[in-house]
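Throughout, a chain's letter reflects where its sequence line sits, starting with A, and its residues are numbered from 1.
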Amino acid sequence: MSMEALVSLAKRRGLVFQSSEIYGGTGSVWDFGPLGVEVKNNIKRLWWRDNVHLRPDMVGLDASILMHPTVWKASGHVDHFTDPMVDCRACKRRFRADHLDTVPWAHYCPAKANNKFEVPAGEPCKHCDNRRTLCPECGKGELTAPRQFNLMFKTFMGPVEEDASLTYLRPETAQGIFVNFDNVLQAMRLRLPFGIAQIGKSFRNEITPGNFIFRTREFEQMEIEYFVNPKDTVNGVPADEYWHERWMQDRLAWYQRYGIRAENLRLREHGKDELSHYSKRTADIEYRFPMGWSELEGIANRTDFDLTQHARFSGKSLTYFDEERKEHVVPYVIEPSGGVDRAFLAFLVEAYREEEVRGEKRVVLRLHPELAPLKIAVLPLLKKREKIVETAQAIRAQLAPRWLTVYDDTASIGRLYRRQDEVGTPYCVTVDVQTVGDPETGEAGDQRVTIRDRDSMEQIRVPIGELTAVCERLFAGESWASLAPRYPPSLKP
RNA sequence: GCGGGAAUAGCUCAGCGGUAGAGCGCCAGCCUUCCAAGCUGGGGGUCGCGGGUUCGAAUCCCGUUUCCCGCUCCA
């Protein structure tokens, strides 16, 4: 499938809109429409349920986006979260200035005659004190002066824009967890290992955003900081390494549980040169997006870097008292950090299918029922029959408190089904003449309705009185195939 | 930020100096007893934005914004 087809569907069906579109759009930010916000909330709810509520060793947190500016000094983001870039004027290649310093370079020194020198990596010219000026790739082009990109958005706390009030929109939710480590520890009486989870917006002034909602400047993270005692071992392995491996496997399984096929997921270990300034080891969970394998979630061993830094900058002790060893330790932390928007995109890409049904193209989102924005659509077969419409609307009202249920009567039944297919509604409930009886013939209604399965397009016929119970079983995961034999469809065609 | 491509109806696109179009979708009506059927009617476009050339610009020129593909970066 192509990203274009998905962008188009997302807009047409109210999943994702470009931000500020009526003003010509604004770069690298997107809005989630009425159906998009449902999917996104579903992703966050499931992540929270599976990673916080179902585990005895996890608690949640919701820290503010604006924090004390020193947080970002301590975290290293003020100093390290920058990429000095230089461009070659001739071949137009772009380089990170710090990478250029890793190779020796040829230099034509203006301060000396007979002036070609080889200068060692990372050193300026001994004679003129210049750094590399020529492109390492094409060898001819002159390089621009390095330009600094700090990827953090600056802002000001309070009405006066002065340096004293300068702070940043957080570039990751993680720091909100680290600075609350001791608060949470005291309030919740926790024992290592334990984790703190948080979902929230983060902001990065990316040099190159793009690929739809894959890389945006405002995005939402689902982060866990899982604290372990580095002195402990599990199965003979240091605790941090054991839990790192565990989280990699758990998180991989989570994506699969909600519909991502194993062949479209992989773990990719970071090389030493690409590790972040805080990381001992990092592995990415990558998904096979339309534009290629790209990161869905990073799982890093941040060691004791963050707690140590914050202890140093704040002067507060951020340690854990090890009762067995009778000593204070600084916990190590394993960080599974996922992008909500990236998960959204991956689930959508994975679910999108174009199928051929009776010679017609059918677009269907085969979303996991828990992710689907709408759970049930109640449809009248004939909108001219008052009794059918009344019954259908009553059924919608009956189901709505339990599942997000919509009613639609604005087209023929086939079209209504296809509309629901396009947004991935797992089940449609149809009310027909047989349900309510036919006043013309005097035939009595059977008070049964049809449930139609999105993926197989098969139907079963269920008494209205059992509808809620049957839906309960379907959404609890009971398979269509096991349920269907008990509720044969209408004998009429 | 650099190079390349693009921007016309909700979507996909045609039109390339002379009155803004098609298909699909959407809305209303008729018809219709379960998978985008048919018929009739309807709403909807500052042709991304700004400037220029011209009697006349969606069309040619300049600028700009946004999107897509690369370089680079990350969740």
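Searching all strands for a Watson-Crick or G-U wobble partner of G29(B) with both distances below 3.5 Å returns C39(B).
Rounded to whole Å, the distance from CG on L382(A) to P on C31(B) is 12 Å. For the pair F212(A) CZ and C69(B) P, the interatomic distance rounds to 12 Å; values are reported in whole Å.
Ring centroid separation for the pair F289(A) and Y287(A) comes in under the 6.0 Å cut-off.
Look at R418(A) and E360(A) and you find no salt bridge, because none of the NZ, NE, NH1 or NH2 atoms lies under 4.0 Å from a carboxylate O.
Minimum atom distance to the side chain of K11(A) is reached by G10(B), of the listed U33(B), C30(B), G10(B).
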Detail all sub-3.5 Å separations between protein N/O atoms and N/O atoms belonging to nucleotides 35-38 of chain B.
from   : atom 1 : to      : atom 2 : distance (Å)
C35(B) : OP2    : R358(A) : NH1    : 3.4
C35(B) : O2'    : R418(A) : NH2    : 2.8
C35(B) : O2     : R452(A) : NH2    : 3.0
C35(B) : N3     : R452(A) : NE     : 3.0
C35(B) : N3     : R452(A) : NH2    : 3.2
C35(B) : N4     : R452(A) : NE     : 3.4
C35(B) : N4     : M457(A) : O      : 2.5
C35(B) : N4     : Q459(A) : NE2    : 3.4
A36(B) : N7     : K361(A) : O      : 3.3
A36(B) : N6     : E422(A) : OE2    : 3.4
A37(B) : OP1    : R415(A) : NH2    : 2.7
A37(B) : OP2    : S412(A) : OG     : 3.2

Would you tabulate the pairs of protein nitrogen or oxygen atoms and nucleotide nitrogen or oxygen atoms of nucleotides 21-23 of chain B closer than 3.5 angstrom?
none

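A distance of about 28 Å separates the P atoms of A14(B) and G51(B), rounded to the whole Å.
F203(A) and F153(A) have perpendicular rings, their planes meeting at more than 60° on a 0 to 90° scale where under 30° would count as parallel.
Here T430(A) lies in heavy-atom contact (under 4.0 Å) with a base.
For H368(A), the ring-ring contact (aromatic ring centres under 6.0 Å, His included) partners are Y258(A), not counting sequence neighbours.
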